[in-house]
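To start, the structure under review is shown below, and the notes come after it.
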Amino acid sequence: MIAQLTINGRLRLAAPDDFSRLHCEFAQPSEQLTEVGAWIAGAIELESVGTAWVELSWLRQQAPRPSEKWLQDLEQMIVGADRLGWISAGGQCMKAHVIWADAHRDRSTDSTQ
């Protein structure tokens, strides 16, 4: 699962049937942390440039089609994340790492210096 924020500010869940991982990909550069945080409020909370907390209620609403199996698979993913300490204390959010648009550019710049 990938919570994607497109360049035009649309938040969507890509790879919704991949229950083996969760991360966020933002089409904006990391310098826009504050703006991105405002755009995704209610679905995702940014803890830092590298860490986000994805609302489980938002994830549940992203089912690609009405399916009890999809919801069961999501719940299994949540249970696994909880075992790893990736569920918030209140049980409302799942921890995810963040990939920004400038992440690849930064790495390529660093390797040439």
Point to revise | Closest non-hydrogen atom pair, L22 against M94 | key: CD2-SD, 3.5 Å

**Study point:** Exercise: identify the closest heavy-atom pair between G42 and E55
**Key:** O-CG, 3.6 Å

Check your understanding: For the side chain of W100 and the backbone of V49, is there at least one donor-acceptor N/O pair under 3.5 Å apart?
Key -> yes

Practice item. Keeping the roles fixed (side chain from D102, backbone from S30), state whether a donor-acceptor pair exists under 3.5 Å. Key: yes

Point to revise | Non-neighbouring partners of W70 that pass ring pair (Phe, Tyr, Trp, His ring centres under 6.0 Å), sequence neighbours left out | key: F19

Point to revise | Partner residues of R21 under the salt bridge (charged side-chain N to carboxylate O under 4.0 Å, His left out) criterion, sequence neighbours left out | key: D18

Review point. How long is the span from the CD1 atom in I78 to the CG atom in L59, to the nearest 0.5 Å?
Key: 6.5 Å

Review point. Hey, quick one: are L74 and L56 part of the same hydrophobic cluster, counting side-chain heavy atoms closer than 4.5 Å, chains of contacts allowed?
Key: yes

Exercise for review: Kindly give the heavy-atom pair with the smallest separation between S48 and L33, and that separation in Å.
Suggested key: O-CD1, 4.0 Å

Point to revise | Rounded distance [0.5 Å steps], CZ in R12 versus CD in Q62 | key: 10.5 Å

Practice item. Group every Ile, Leu, Val, Met, Phe, Trp and Tyr by side-chain heavy-atom contacts under 4.5 Å, then state whether I40 and I2 land in the same group. Key: no

Exercise for review: Taking all non-hydrogen atoms of both residues into account, name the closest pair between T6 and Q28 and its distance.
Suggested key: O-NE2, 2.8 Å

Check your understanding: With a cut-off of 6.0 Å (strictly less than), are more than 12 heavy atoms of other residues, nucleotides or ligands near CH2 of W58?
Key -> yes

Check your understanding: Is there a donor-acceptor pair under 3.5 Å between the side chain of Q32 and the backbone N or O of G37?
Key -> no

Revision key, fill the gap. Only one of H23, R10, E25 passes side-chain contact (heavy atoms from CB on, under 4.5 Å) with Q4, and that residue is E25

Review point. How many angstroms lie between atom CG of L46 and atom CD1 of I44, to the nearest 0.5 angstrom?
Key: 7.5 Å

Check your understanding: Side chains of L5 and C24: does their closest heavy-atom pair fall under 4.5 Å?
Key -> no

Review point. Should V79 and R83 count as side-chain neighbours, where that means a heavy-atom distance under 4.5 Å?
Key: yes

Point to revise | Full working for side-chain contact (heavy atoms from CB on, under 4.5 Å) between H97 and T51 | key: CA-CA 5 Å; H97 71 280; T51 302; over 6 Å; no

Check your understanding: Are L11 and W39 grouped together when hydrophobic residues (ILVMFWY) are joined by side-chain heavy atoms under 4.5 angstrom apart?
Key -> yes

Revision key, fill the gap. Rounded to the nearest 0.5 angstrom, the CD-CD distance for E75 and E68 is 9.5 Å

Check your understanding: So, Q92 side chain and S88 main chain: donor-acceptor pair closer than 3.5 Å or not?
Key -> no

Point to revise | Same apolar cluster: W53 and I87, side chain cutoff 4.5 Å | key: no

**Study point:** Residues D17, R65; criterion salt bridge (charged side-chain N to carboxylate O under 4.0 Å, His left out); working and verdict
**Key:** CA-CA 11 Å; D17 294 324; R65 60 207 158 276; 3.6 Å; yes

